[in-house]
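The block underneath contains the structure these notes are about, expressed in structure tokens.
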Amino acid sequence: MDRLPLPAQFDRIIMTGGLVASLALAPLLLVLVVLLAVDEISAPELVFWLVAAIVIAGALGTVLLPNVVYAALSLVAALLGVAGVYLLLGSEFLALAQVLIYGGGVVILLIFGLMLTNATDDPIVTDGAQKPFAAIVGLLLGGVIVAAAYDAEWGATEATATSLRDFGELLFGDFMVPFIIIAVLLDVALTGAYLNARRDREPVASEPPAEPSSGGGGQPS
Amino acid sequence: MSSHLDYSLLIPELILAGSAALVLFADAFRVELRLNRRLIPWLAALGALVAGAVSLAYLDTSDSFAELLTIDDFTTFFRVLFTAIVVVLILGSHEYVERNVRHIGEFYALLLLATVGAIYMSAAQELITAYISIELLSFSLYVAVSLTLADRRSGEASLKYVLLGGVASAMLLYGLSLIYGVAGSTSYAEIHEALSGGTADFEWALVLGLALIVGGLGFKASAVPFHMWTPDAYEGAPLPITAFLSATSKAATFALLLRVFGGPLLPVIDDWQWMMASIAVLTMAFGNLIALQQSNIKRLLAYSSIGQVGFMLMAITAISQDTSSALLLHMAGYLVTNLAVFTAVIAVYNRTGDERIVGFRGLAETQPYLALVLTAGLFSLAGMPLVAGFATKFILFQAVASEGFLWLSVVAVIASTLSLYYYLQVVRQMYLYEPDGDATRWRPSLTSYVTTGGLLAGVVLIGIYATPVFELADGAATALFA
Amino acid sequence: MGMEQAWLLPAIPAAAFVVVALFNRFIPRHGDWLAILGMLAVVVIGAAVALDFQGSFDHGVFSPGLEHEYNFEWASIGDVLRIDFSTYVDAITIVMVTVVSFVALMVMVYSVGYMRGEARYGWYFALLSFFTAAMLLLVISGNLLQLYLAWEGVGLASYLLIGFHWERQSAAEAAKKAFITTRIGDVGLLIGIILLWREAGTFDIQQIIELARAGHFDETYLTVAMLFLFAGAAGKSAQFPLHVWLPDAMEGPTPVSALIHAATMVVAGVYLVARMLPVFDEVLVARDVVLYVGLGTALMAATMGLVASDIKRVLAFSTVSQLGFMFVALGAGSVTAAMFHLFAHAFFKSLLFLGSGSVIHATGQQEVERLGGLWRKMPLTTVTFVIGGLALAGIVPLAGFWSKDEILFESLEGGSTAVYVILAATAGLTALYTTRLIVLTFFGAPRDRAAYDHAHESPWIMVAPLVVLAALASVAGFVALDGVGEALGFAGGIGELVFVGEHGHAFEFHSDIAVPATVTALLAIGVGLAYWWGTAERAARARAWAPELHQLLVQRYYLDDLYQAVIDRVVLGAAGVVAWFDDRVVNRTGVDGGAQSIGYTGLRLKFLQTGRIPNYALAMAVGIVTLALVAFGTS
Amino acid sequence: MTENDGFVLLALFLLPLGSALLLMATPSRERSAIIGITAASSLAMFVLSVYVFLSYDYSGPEQFQGVRAWTWMENVGILGDKGIQLKVGADGIAAAMVLLTGIITLAGTWVSWKVQYRTKDFFILLYILAAGVFGTFVMLDLFFWFLLYETAVLPMYLLIAVWGSTRKEYGAMKLMMMLLAASILIFAAIFAIFTEAGIGTFDLEQLFAADYSTGFQKAAFPAIAIGCGTLGGLFPFHSWSPDGHAAAPTAVSMLHAGVLMKLGAFGIIRLGFQILPEGAEFWAPGLLTLGIIAALYGAISALRQTDLKLMTGFSSVSHMGYVFVGLGTFNAIGITGSVLQMFAHGVMTALFFLLIGAMYDQSHDREIPHFSGMAKQMPIWAAFFIIAGLASLGLPGLSGFVAEVHIFIGAFRAYPVVGGLAVLTAAITATYLLRMFAQSFFGEMHPAWGGLRDMAWTERAGAALLTGAILWLGIWPSPWIDRIATTVQGLQGVTL
Amino acid sequence: MIPIENFLLLSGALFAIGFYGVLARRSAILILMSVELMLAAVSINLVAFASYLDAERVGLVFAIFVITVAAAEVGLALGIVLRLYRDRRTANVDEADELRW
């Protein structure tokens, strides 16, 4: 885990976080093994529950931890767990993308954001006044979704893996146009980020923004 | 899926995107190229104009690109509409932009790209494309809203918009995913098929999905209670973007709503009709009631536009070919009116730099022409006769009533009567009071004259002879339900 | 020239009115001569009509269809409602036309002198013409609606003439009072007319009469209708309880009082009842009401006249009282007596008024208490006035004697002994107050030197009408005698001509009635002389003997005060309540309140817009959850 | 009227619209030009309206004459054949109302030449209003009928709020909002009718012919009755009227009380009686009741008013109450009477407001108690005023009587008690008017008003015109009655 | 094997938690994180449906697009957050309420 591209002073935090997580997971693991033994669940299910546990734990950490850095890190855990879920669902490519984009990009971005906005200075008061309502609504929402999920007759039990080739053909075949659009969309996002994040407010005269070329690249043909 | 990739169908959007890139480029290198900054808007406008003109060539075609995008009269209708809007906006607001926006290249590029997104929203016939188009439009607007860098309100507005927008699209996506799960496909046609087949197995999943979609799209359309971002974003955004928000993004959302709720989701109408109805009522009530208490013109228009959304949502509630054509007619009238109001407001703002309603004091003395345009526009928004509002609203409400929602259209009439009150507050300021400060006559720029004049003509024309527009709308609606 | 041209009678003065009213500034003498010429023409035509009428009158038997009616359609709704302009001429019409046109002529001539130098001199004559036109239209109209039209017309004329000196607030008030009071009666009249129409389906008087005779109406319905009708009559003819306006109406110029408030307009009520009497005959209840109202009014007015101090008011009260006499006659079912008295009364009462006018003109003083001894200064006026007075008192052989005698007889015939007694007593009172008036005005010692010195005989143009009228007042009674009628060329005598159909017999003299009546009158005169001659200390003593009674009479039984109170307290009070209700409840609460509450709702709602992202998101979440839950619940 | 007279009817409301546009084009400095334009067009309107009135052939077979239709849009969306057309045509009632409008517009234009502040804008709005009124009377297409109905209301706000007096903003806003709130009901009714008829057209003649279930008619009629009734000053929805009139400038009061309020009653006849006869028959007693209440209520309130215009406003409420009584009788006489009353009250009240304006412009005071002996200072003015007053208290020979007597007769025919109350109201009317005369016109001249000049020539002309109408209708009403009665008798379900 | 409900359950929980985060957190960045969670939940749904119910696997494409958009959104939002922070020295969203009512 120390290979995570993070500043060194986070190592300790990460270690403890991992420790805590694994300790929390141990009993669950135990239960699952027992269940497996009495053949209540299949092996893949055992894996699923473990992954699910990681994801949920991470998610809860993200939204509950008062320390923003811990929160960010547990987000990493959650997202990596999601990658695991993708694997379980048999689409390696997505899992890979997930790890790269989130673990490798997004979270770093977020943590830098945290640093830059000194959110770390006041780690305690990270929650708003309407927490109770939030809890209620959150529970209700979750309940509703779960109810819907279990109410339905999905009539399918078997997840089938997807070959990278099929996926590629699908993506760059039929869904070319959305792909192009998303390229344009990225330009827009970058423009926005760049314009807003610039420290100086002088109109750009000399150095051109990087987008136009890729905006041009957005053009098919 | 058959991959029938006929890129010629996408030429107008390619032109738009290309000119967007061109504009960015020109702005970036204008020093090297010795370009006058003033040229850029014209460049953008030209691009949009060409795109609109080209898209006219697709009249009466009915083809689809890889079954992702349909190009039919419905699409054409909106292509023309959106390009027209963007042209008018650019012409009507270029002075404002020069004064208040630093990165004009990006500004115009974003407008054009947003237009692309809007067009694809109306053209999409498949969920993924639809979603991506929505995001393209939204992202462009997130950025555009933030573009008056000197104004901290702009940043705040943009933040609210982007964060809530994220939440909203998450909701929308979750809904879409459920629909996808229920129907096993993202293509409108196939969803329609699947849902027609009976949905007993997934009842809850389905309605949950519908609820989430209604919420997500309700956010984009700024329907109560998903509207909260609207007033803030409108107030914080640069005026032309406010106009764009209330025009294109709204229209695009309704185009999408028509496509989705008039197509794939039509079989399960009983599951969502009441949602739409209740949201429509809420929207009309809130928008108009709160608007009674506003003192800032942008905010006033924001709330009034919320109220207007309520009217349009009625048409979705009572969806049918007739209501759709009525809705399209009303939308056209509303857009023209709205732009007339906004261009006039922009022209006034360029002079006074005052956003407060009292800032319009004595406009009838200092600039009677703009006062007239504003009055006509506001009366039209209130649904008064001789201007667009009456005819279009009348037909819209009648259509809704004919579909068996008389009570809904009565609510609508009440709401629009209420709206007259706050529109009159502006009219009052202009006509009843002497201007405080300098009472000297002034003249708006030529472009303002031209744009406002054209729009005023449109407002009056639709008011007294809406037939051609209505026939176009009817054609589009026919295509939609073909 | 005959009855077909009856429409000319109102038309001529109407024309005169238009011309004089609009152009009097440009016409020499402000066009008074125009008005007078118009009246002359009317008199002539009236005579012609009368002759034509009597010419077509076959001697002896009364034959229906003899009356002459001319119609043309004025307005109609399909065959549902037809309003005609129709003239109708019969004996009663003839009498009225004669009286009206002649008295009007006299008054106009007199006015030339009396109103000399007035501001709005021309306007005055215009109004007189207008009044005459309306009055003549009234008496020749063959249907009730047209009659109502004319009825209101004379009312308007009276309003404008009473208020002729509108700079005097009192005059304006009096005019208002007159109009409103009569208007209240008119409400009844219109209701009565429409009620009759409702059942009869026509406004034509003769058809209504025939239907009534044929028993087409339901008894009670008809009674109600006729009572409403009579309300109108009572209003115009100043019968109790609507009599209050007439005394105040004396604010008008004296000739006007003579014409309108003595001879003509005030008898319109009598005319109406007489005209409708055949219908009244069908519902005796209504007829009795007429009788007793008349009786009460006669007595009451006489008593009030006894104490009134204003020379004109005395005459006004006497007018009210005499009108009461006429109604008694009608109530007793005799058009003859009523019309005869009307005929006679017109002459001597207008004479008296004009005389009083001459006095006022001479002295500028109309309080009897401050006059006296004028006979030296204005002998002619005195003589004529005395003649008029005696006629009023009913002394042989003056006009009043014959007509009053007829009425007393009828009251015994159609009424009862009680009625007869009361009426006779009233006659006595009449004689009494007349004497008082004459004595105080013309004899005894002058009480107000200034007025006395200022006094002088009026110019000939004023005196001439006096003389003419005095002559008429003396002889008018004789027409009742068949012989005279024959002599005048009326086959069967005017009595039979005019009062044909009442009782076939010619007019006859009732010594049993006349003698006691005359005796009473003479007695009363004696008493009067005894009381008021000289310094009138007996009168003072009598006054001291029963001050309350005197007060009661002076205050006119406090009726005016009562009405005033009703108007101030009840009507205006109610109006205040309604106005308050309208302002507070309907307007502020209902309208403004509603508006404000809407605005307030908006104000409260807008604070939901806190500007904080989490709140906004919460709203969205709640929205979704609610939708979902409801959806689950329903599906 | 022949079919070609349809062009005349069209011209009736295109003319004012056109001149409004023309005025927009003329620079506001060119006062003489403005006066010239207005003079010409108002005269033209007057002539046209007289022509329409006279040329309406009441013995002719068909109810609506001069019918002409121009298709506006059809076979799109909800609309079927002849969906919406610009269709004009006049029946007897419309003819009379058109004449009324012509007269008052002419007089109103004359007196408005006195307006100094933004004269041009004033006339533009005034003529838009006139166009709306004319149009509503002659329109035979429900859509355009309502469009023009609203057009007639629309300019009111600015006209009152800018050129008005006393509490002008309050009055204007109140008037506007109340009237539009009322039209909500009309909207609802129209939507319902169109849906119920289900023939996809707004052509009124077809809508008259279409059949509606009795239940529907009973449900829909009240909406129209109240919706239009509010504009007609129906109790208890009248409270905009006194305040609005009190605040409005002269010509606007004239047009509004004189014509616009009649639109309400007219609407009840057009939409209520002609489309929903059964509903009308069912609700007639209700209308009658409200009408008689309004008549008494207005008259009694007027007794207590001290502001001249407020008094007139309430008297308008009272007189419009007669109109509703007449309609409520639901028999030919009563309805004819109420149409007559619409005309009579129109000219009479217009004259009132004209005169009040003529005085107020100089004195800037309308409190009755503040005046006395005005007849000395302004004799002609007082004379006209008295004529108007006498007409208003229903003196025979003047317009008021002819109308009222028909209403009375009709009312007695239906409900004698109501008839009695109606007649009584006339007496109350007399009371407050005569009180006012005695107070303000007669008696000693109040020195404070020594400076007042008598009416200007334009005002005299206008007053003379209106007085002429009053007398004509009063003395020779058949031209009106013939035209109106034939139409009224044609109304479905109306008893004779 | 694994019943699809499990995945739906997971995604549902994730979505709800994310939403809770959005509602409960003050820091704009934490809110962004929560949004990320919600989007992740969506992707899980899509992939699950794709691999269980849809032979054409369109859901996977949808999911990849969702991931991309999510990333882009973070980028854009962060830029704006930074601007907000520069404007008023805080990233707490409830202190950014100049625009209201």
Side-chain angles (χ1 to χ4, degrees), chain A residues 55-56 59-68 70-72 74-75 78 106 109-111 113-114 116-155 189 192-193 195-197, chain C residues 566-635:
Chain A
V55 172
I56 298 299
L60 287 173
T62 317
V63 298
L64 294 178
L65 289 174
N67 182 320
V68 290
Y70 292 176
S74 39
L75 177 67
V106 171
L109 216 52
L110 286 169
I111 291 179
L114 287 173
L116 285 171
T117 59
N118 305 5
T120 45
D121 297 352
D122 51 354
I124 304 307
V125 285
T126 44
D127 288 4
Q130 62 173 9
K131 222 175 177 178
F133 303 101
I136 298 166
V137 174
L139 284 177
L140 282 173
L141 194 62
V144 170
I145 296 175
V146 172
Y150 278 93
D151 160 82
E153 299 294 328
W154 299 107
L195 285 178
N196 281 287
Chain C
V566 169
I567 290 174
D568 292 348
R569 304 266 154 63
V570 181
V571 178
L572 290 184
V577 172
V578 172
W580 176 88
F581 174 82
D582 188 71
D583 182 38
R584 290 300 159 82
V585 179
V586 176
N587 191 5
R588 291 196 201 169
T589 313
V591 179
D592 298 359
Q596 282 154 5
S597 55
I598 291 175
Y600 183 73
T601 322
L603 189 64
R604 286 261 137 271
L605 281 180
K606 91 172 188 180
F607 291 120
L608 291 180
Q609 203 77 31
T610 56
R612 300 184 171 189
I613 292 173
N615 301 143
Y616 291 6
L618 183 64
M620 293 164 67
V622 170
I624 288 295
V625 171
T626 326
L627 281 181
L629 287 178
V630 176
F632 284 10
T634 49
S635 67

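Every chain is numbered from 1, with letters handed out A, B, ... down the list of sequences.
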- Note on the structure: Shortest non-hydrogen pair, C/T589 vs C/V585, comes out as CB-O, 3.2 Å
- What pair of heavy atoms forms the shortest contact from A/I111 to A/A72, and how long is it? CG1-CB, 3.8 Å
- Is the number of heavy atoms from other residues, nucleotides or ligands within 6.0 Å of CZ (C/F632) greater than 12? yes
- Query: Do A/L60 and A/I56 come within less than 4.5 Å of each other through their side chains, counting heavy atoms only?
  - Reply: yes
Counting backbone as well as side chains, what donor-acceptor pairs lie under 3.5 Å between chain C and chain A?
residue : atom : partner : partner atom : Å
C/P614  : O    : A/Q130  : NE2          : 3.0
C/N615  : ND2  : A/Q130  : OE1          : 3.1

- Should we say atom CZ of C/F607 is surrounded by more than 12 heavy atoms from elsewhere, each under 6.0 Å from it? yes
- Task: Indicate yes or no: at least one non-hydrogen side-chain atom of C/L603 is less than 4.5 angstrom from one of C/K606.
- Result: yes
- Item | Partner chain A: residue of C/I624, C/V622, C/L618 with the largest heavy-atom pair count (under 4.5 Å) | C/L618
